[in-house]
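Each residue takes its place number in the sequence, starting with 1.
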Amino acid sequence: MIFERVTLSDLDDVAQEFLRQTGKHKHFAFHGAMGAGKTTFIKALCKVLGVTETVTSPTFALVNEYNINQQKRVYHFDFYRINKPEEVFDFGCEEYFASGNYCFVEWPQKAEIILPEDTMNILVEETEDGFRRISSF
């Protein structure tokens, strides 16, 4: 899966198509450089899923929880500040992944040992002409 030449105005449509193409997947690891647009894309995904709360990067909290409805949630992780992979066990990360809810992880390379086997890896990158490319690998 690849989305080329993505602009901010395209994000809602791309997010909707992304979720359609990924089907029943619930675990996503977002890779990309600082400022590439990982959080911005996750905001669009949350909006398409029905989240009405403000979506922000959980850089300091490590995880933010957003409600889709009374039963379904989105867990948004940011492992940027993780110094060693074992730190993710301290806040019960495995329970979030076992919940059956969407889990979006930024900076997953900091704690790959915790990610479920079915995690889909997504690369968000800025192209030379200022667009974004979003692709799975």
Between F97 and H27, what is the ring plane arrangement, given parallel below 30°, perpendicular above 60°, and tilted in between? perpendicular
Below 30° counts as parallel, above 60° as perpendicular, anything between as tilted: where do the rings of F104 and F30 land? perpendicular
Joint cluster assignment, [X] & [Y], ILVMFWY side-chain distance < 4.5 Å:
X: I42; Y: L11; value: yes
X: Y102; Y: Y96; value: no
X: L123; Y: L19; value: no
X: M120; Y: I2; value: no
X: M34; Y: F79; value: yes

For E4, I'd like to know if atom CD has over 12 heavy atoms of other residues, nucleotides or ligands within 6.0 Å. yes
Is a donor on one side and an acceptor on the other found under 3.5 Å between the side chain of [X] and the backbone of [Y]?
X: T22; Y: F18; value: yes
X: S57; Y: T39; value: no
X: R73; Y: I68; value: no
X: K72; Y: N101; value: no
X: E53; Y: N67; value: yes
X: D13; Y: D10; value: no

Could you check whether any side-chain heavy atom of [X] comes within less than 4.5 Å of a side-chain heavy atom of [Y], counting everything from C-beta outward?
X: E65; Y: V63; answer: no
X: R81; Y: F60; answer: yes
X: Y66; Y: Y75; answer: no
X: T119; Y: F28; answer: no
X: P58; Y: F77; answer: no
X: K43; Y: F41; answer: no
X: I82; Y: L62; answer: yes
X: L115; Y: P108; answer: yes

Apply the test side-chain hydrogen bond (donor to acceptor under 3.5 Å, both in side chains) to residues N121 and H31: give CA-CA distance (whole Å), side-chain angles for both, the deciding distance (0.1 Å), then the verdict. CA-CA 7 Å; N121 288 291; H31 303 261; 2.8 Å; yes
For [X] against [Y], the heavy-atom pair lying closest together:
X: V124; Y: A36; value: O-CB, 3.3 Å
X: C93; Y: V88; value: CB-O, 3.2 Å
X: F3; Y: E17; value: CE2-CG, 3.7 Å

Give a yes or no on whether the ring-centroid distance for W107 and Y80 is below 6.0 angstrom. yes
Evaluate the criterion side-chain contact (heavy atoms from CB on, under 4.5 Å) for residue pair T59 and E106; output intermediate values, then yes/no. CA-CA 9 Å; T59 301; E106 295 187 56; over 6 Å; no
Calculate, to the nearest 0.5 Å, the distance between atoms [atom1] and [atom2] belonging to [X] and [Y] respectively.
X: I134; Y: I122; atom1: CD1; atom2: CD1; answer: 9.0 Å
X: Q16; Y: L45; atom1: CD; atom2: CG; answer: 11.0 Å
X: Q21; Y: M1; atom1: CD; atom2: CE; answer: 6.0 Å

Worked verdict on D12 versus K47 for side-chain contact (heavy atoms from CB on, under 4.5 Å): CA-CA 8 Å; D12 288 350; K47 180 180 175 184; 2.8 Å; yes
Salt-bridged, K84 to E87, with N to O below 4.0 Å? no
Below 4.0 angstrom, N of the basic side chain to O of the carboxylate: do D78 and K38 qualify? no
